[in-house]
Each structure stands twice: as structure tokens, then as C-alpha cells.
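The structure under discussion appears below in the form of C-alpha cells.
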Amino acid sequence: MALLPRAARLPLAALIGAALVLPATPASAAPTQPTAVVQRSDVEPRKAPVMAPASLKSAGGLYLPLDPESGVAAAKKKWGGYRLTSPRGARCMPTVGATTEHLGQDIATKNGAPIYAVAGGKVLKTKDGTSANSGYIVIQSTIGGKNYQLAYIHMWDADAFVKVGDTVKAGQQISTVGSSGPSTGPHLHLEVWNGTFMQQQANVMGTPAALDPIAFLASKGLGIAAKASSVYRPSTPSSCTYYARGTGVIRAGANETSAVLATFATGDTVTSTPGAMMNQRLRVTYKGKTGYAAWLSFSPSYVAPAITTQAGLAGRVSTVTSPVNLRAAAVTGTVRTVLTTNASVTATGRIVSGGSWREVKYTPAKGAALTGWVSAAYVKDAPAKPAAPAAPAADPISTQAALKGKASTTTAANLALRASTPGGAVRATLPKGAKVTATGRITQKGAWREVKYTPAKGAAVTGWIAASSLKDVPSSVASKPAKPAVKPAKKTKKTTANVWLRAAAKTGKGIVVMKKNSTVTLSGSTKKVGKVTWYKVTLGKRTGWVSGAYLR
């Protein structure tokens with residue numbers, strides 16, 4: 001397949017991945033991480049290089065990376081022997097964050113065992129390991145006259161014995177065995193690159209630049225497999241099973257812009273094939289659809305889905321559409337019973353995996369009721385009962401003042417006088433032409449009117465009647481004609497001296513000099529100028545302004 005563009009390549013620490021470390025005993029050794037990793041300074045004096053025993057050296061001058069002593073001899077040595085576990089090649093990922101294409105050979109031994117340089121060369125890269133990222137040392141070595149880059153991976157402190165730029169000898173100790181990054185136990189992951197370390201990555205990983213270390217070194221006279229206490233050579237499986245660690249989507253292509261084919265939830269099962277990985281996405285099949293999903297969304301171990309409650313589901317009755325297991329827990333719980341077709345179950349309201357599994361209560365014909373989990377794909381909900389029609393909303397009541405006391409007569413026989421509108425209890429039945437008197441209260445829309453009715457015999461009754469069934473009686477008193485409006489008399493004042501009638505207050509042009517005791521008519525307009533009020537007045541046919549100081 002075509003190579004990935006550089007921008008789409010996986011992070012280096014992630015691509016190094018995890019290797020399956022098979023235990024020598026039934027219980028696998030747990031990853032061990034020091035409580036603190038002390039980074040050595042580049043200027044700190046270093047001890048003289050520690051060299052491997054001469055017994056680890058091959059005839060061609062290469063060294064075994066770990067001490068191979070085992071059996072009786074191992075009891076006398078601190079570290080014991082080593083085992084070849086996960087080999088180079090396609091695989092199912094052994095733990096979360098591991099790759100599906102193993103780029104090297106795993107060599108398992110005890111935590112802290114010395115790691116020796118297989119061949120001499122120059123240290124190109126180092127990286128300290130953490131619980132999330134693999135530590136590594138990359139050394140460029142010349143083997144058989146050709147340059148290769150050897151990567152030693154999963155140590156915790158990559159600079160404890162060497163640093164970038166150092167020249168190391170074949171057989172020199174460069175680190176100690178650890179279990180950093182995605183790892184199932186202490187081991188050395190050894191890679192041999194025919195070129196630059198991690199430079200080439202195929203869309204589906206498995207670049208030929210990463211050689212099989214065991215076969216390559218054997219061809220150079222270094223028999224790592226021959227010295228191992230055990231060798232694990234598994235056949236490549238035809239398929240892999242993974243479990244969703246949370247919710248996510250499966251897309252048609254290995255990018256974020258491809259169409260969504262399906263969604264999955266925690267605990268859902270997908271299948272894949274060894275090595276089927278592209279752009280940090282696994283090629284998986286889920287519910288009959290095949291596409292790509294985020295690599296870190298899956299685990300090789302079952303992940304129990306979170307239980308939630310679905311509003312409105314509790315008490316819902318369903319029937320089983322075909323024989324199905326009632327389990328103690330969703331997906332993988334033990335089978336409590338097998339439900340037959342058309343068996344009736346009642347939902348508790350609890351669900352998992354986005355509702356794909358439902359907790360239900362089942363009561364068999366004989367025996368006690370059982371509660372368990374069933375796949376929602378095998379149940380059919382009974383149709384919901386239609387909701388009862390809502391009662392009509394009451395028409396708000398208001399008061400119309402002009403209506404109070406108005407007399408009316410009924411226009412039809414046997415009209416109900418009710419306690420409330422519109423369906424109140426009947427207080428009286430009114431004949432046609434019955435006289436009633438309005439209290440003034442009406443419904444907001446005016447469709448109903450509260451009235452008082454006094455029958456020929458018995459006490460008066462107050463109640464509600466439809467306004468459309470009433471005919472108002474005309475008033476017997478004719479309304480008096482309104483008196484004509486009286487125009488207010490014009491107000492006048494007299495001048496107290498000879499004074500100008502001006503076109504504007506204070507500084508306006510003089511129109512005429514009004515003699516003392518002239519009568520002027522006030523227009524009603526005034527202006528305050530300083531402390532003096534000016535009045536707009538009319539003298540004969542002239543209108544202007546005069547100071548109030550000259551008016552009385």
C-alpha cells in the first residue's frame with residue numbers, strides 16, 4: 001500500500017506500541033515503574049562503560065542484548081535467562097495503545113536486567129519512558145559493512161548509561177529492562193531498521209524497512225533464538241476481536257471527513273484483522289458494516305458499559321420476537337434463562353450501550369420472577385395507549401361595569417343556568433322569556449354572562465348562561481341630550497402704564513405703544529425671561545408680547 005504522508009503519521013511513542021510478554025509462570029509480571037526517574041545531566045561525570053560477559057559475544061563480534069543463562073546456571077546469576085515472546089509481524093493488539101503491526105521482537109526477562117548493545121555505533125536518539133509512552137534508545141551500527149539503526153525499547157531511564165552523541169562499543173551496557181508505555185510486563189523490544197528508524201510507515205503498517213531481528217541477526221552469526229529458554233512463535237490469527245472503551249463512530253474512510261456508517265457504545269464488540277491500521281484508525285466490522293474507527297477507542301479486553309436510566313422506559317411492556325438469553329449483566333453476563341418467542345417482559349428503565357441492552361423483569365408461568373438484561377433488538381414494545389383528551393381550559397372571568405343591572409330575557413326554552421362555565425352543575429332550568437338581571441361578570445371572551453334569576457316561586461338563583469341565548473331589554477329612560485359645551489370666557493388684563501406691544505418677549509420689535517389702562521386679551525401663552533413673565537396678548541387686531549410687570 002501507499003505510504004502515509006508525513007503529517008498523518010502516528011506519534012513515535014505510540015507507534016512503538018506494546019508487545020505481548022508471555023509469563024514464565026501462570027501470573028504475568030506487572031509492569032514496574034520507578035517512583036522517580038532521575039535525568040542525568042550531560043555534564044555529569046559518567047562511570048567507565050560496563051561490558052557484557054565475553055560469553056555473550058558471537059564469532060562475528062556481535063553481542064546478545066540480554067544474558068541468556070538459564071536453568072541451574074541461572075540460579076547463580078542475578079537476572080536469569082530470557083524468553084522470546086511476541087515476534088515481528090501483524091498481530092491483534094495485546095493491550096490498549098498497542099499497534100496491530102509489531103515492528104520488532106520482544107525478549108522477556110526480569111525487570112532491571114542489563115541491556116547490552118548488539119553492535120557498536122553512535123547513539124542517535126533517547127527518550128525516557130512513562131506509563132503512557134515507551135522509553136527508547138536508537139543506535140546507528142555498522143553490521144556486515146552496511147549501516148542499520150537498532151532500537152532498544154521499553155526502558156524507563158534512557159539516559160542512565162548513554163546519551164545522544166555517545167559512541168558505544170558492541171557489548172557495552174546501554175540501559176536496563178523496563179515496562180514503560182503500552183506494555184504487559186518487563187521486556188526488551190528490539191527493532192532493526194534497514195534505513196532510518198520509523199521513517200517509513202505504510203498505510204496498513206508493516207513496512208519492510210523494519211526487519212525481523214531474529215532472522216537478521218541469525219544471518220550475521222548471532223543466534224538469539226538458540227540461547228532463549230523458550231520461543232513463542234504464534235500463527236497469525238485470521239481475525240481480532242476488540243471492545244469499545246466508550247462511544248464513537250465508524251466512518252467509510254480513514255479520516256474525519258468520511259461519511260459515518262455506524263455509531264458504537266461502551267462494551268460493543270467489533271472485529272478486525274491483524275495489521276489493519278491506517279491514520280491512527282483501525283479497520284473494523286460492526287453490525288455488518290466495515291469502516292474505520294479511532295485506534296484508541298478499543299481494547300482487547302471486555303469493557304463493561306455504563307448503566308444509565310432512560311426516562312419514560314420504566315414499566316414499558318414488551319414481547320420477545322425470537323428466543324433470546326436473559327443475562328445477569330449486559331452483553332456477557334451469565335444466562336439466567338432463555339426467553340421464548342412472545343414472552344412478555346417489563347422494562348425497569350435501566351439501559352446500557354445507548355439503549356442496545358435493556359434490563360427487564362420476566363415472570364414465567366411457574367416459578368419466581370427474574371430480572372436480567374436482554375438485547376433490545378429482540379424485544380418489541382407494545383403500542384402506547386392514546387392519551388386522554390385534555391379538558392378545555394377555563395375562560396377567564398372579568399367584570400364589565402356597564403353591564404351590571406342590565407335586564408334580559410331568554411330566547412329559548414329549557415336553558416340551563418349553571419354554577420360555572422361551560423360545564424358547571426345546573427342550578428335551574430329557565431323557560432323561554434324568563435327575565436334575568438346581569439351581575440356584570442362575564443367570561444373574557446364574552447360568551448358567558450353571570451345573571452340573577454328570580455322564579456315565580458322560590459328564592460332567587462345566580463348562575464351562568466350563554467350570552468347568545470339572551471336578548472337585552474331596552475332601557476325605559478331616554479337619555480337626556482347633552483348640554484352644549486360652554487366656551488370658556490376669554491381672560492383680560494389692563495396695562496398699568498404706557499408700554500410697548502412687542503413682536504417677541506423682552507427684545508422683540510415694538511409693534512405699538514399701548515396706553516395706560518388699555519384692555520388686552522390673554523392668549524394663554526407665557527414666557528419666563530429672567531424673573532419676569534411675559535404674556536402673549538391681543539389688542540384689537542394686533543397680537544404680541546408684553547411684560548407681566550405692566551399688567552393687572
I'd like to know if the side chain of [X] and the backbone of [Y] have a donor-acceptor N/O pair within less than 3.5 Å.
X	Y	result
Asp381	Ser318	no
Thr126	Ala158	no
Gln173	Pro114	no
Thr340	Ala343	no
Lys227	Pro68	no
Thr319	Asn342	no
Ser180	His154	yes

Margin query: Would you call the rings of Phe264 and Phe298 parallel, tilted or perpendicular, taking 30° and 60° as the class edges?
Written below: tilted
Close side-chain approach of Thr443 to Trp464, heavy-atom, < 4.5 Å
yes
Worksheet item: Does a side-chain N-to-carboxylate-O contact under 4.0 Å join Arg327 and Glu359?
Response: no
- So, Glu191 and Arg88, do they make that salt bridge, N to O below 4.0 Å? no
Enumerate donor-acceptor pairs with a distance under 3.5 Å from any side-chain N or O in residues 242-250 to protein atoms, sequence neighbours excluded.
| from | atom 1 | to | atom 2 | distance (Å) |
| --- | --- | --- | --- | --- |
| Tyr242 | OH | Met93 | N | 3.0 |
| Arg245 | NH1 | Leu296 | O | 2.7 |

- side chain to side chain contact (heavy atoms under 4.5 Å, CB included) between Glu450 and Thr462, intermediate numbers included: CA-CA 7 Å; Glu450 187 184 52; Thr462 300; 3.8 Å; yes
The side-chain contact (heavy atoms from CB on, under 4.5 Å) partners of Ser420 (sequence neighbours excluded) come to none
Please evaluate residues Thr411 and Ser469 with respect to the criterion side-chain hydrogen bond (donor to acceptor under 3.5 Å, both in side chains), reporting the C-alpha separation (whole Å), side-chain torsions for both, the decisive distance (0.1 Å), and the verdict.
CA-CA 5 Å; Thr411 58; Ser469 301; 4.9 Å; no
So disulfide bond (SG atoms under 2.5 Å apart) across residues 245-351, not counting sequence neighbours, yields none
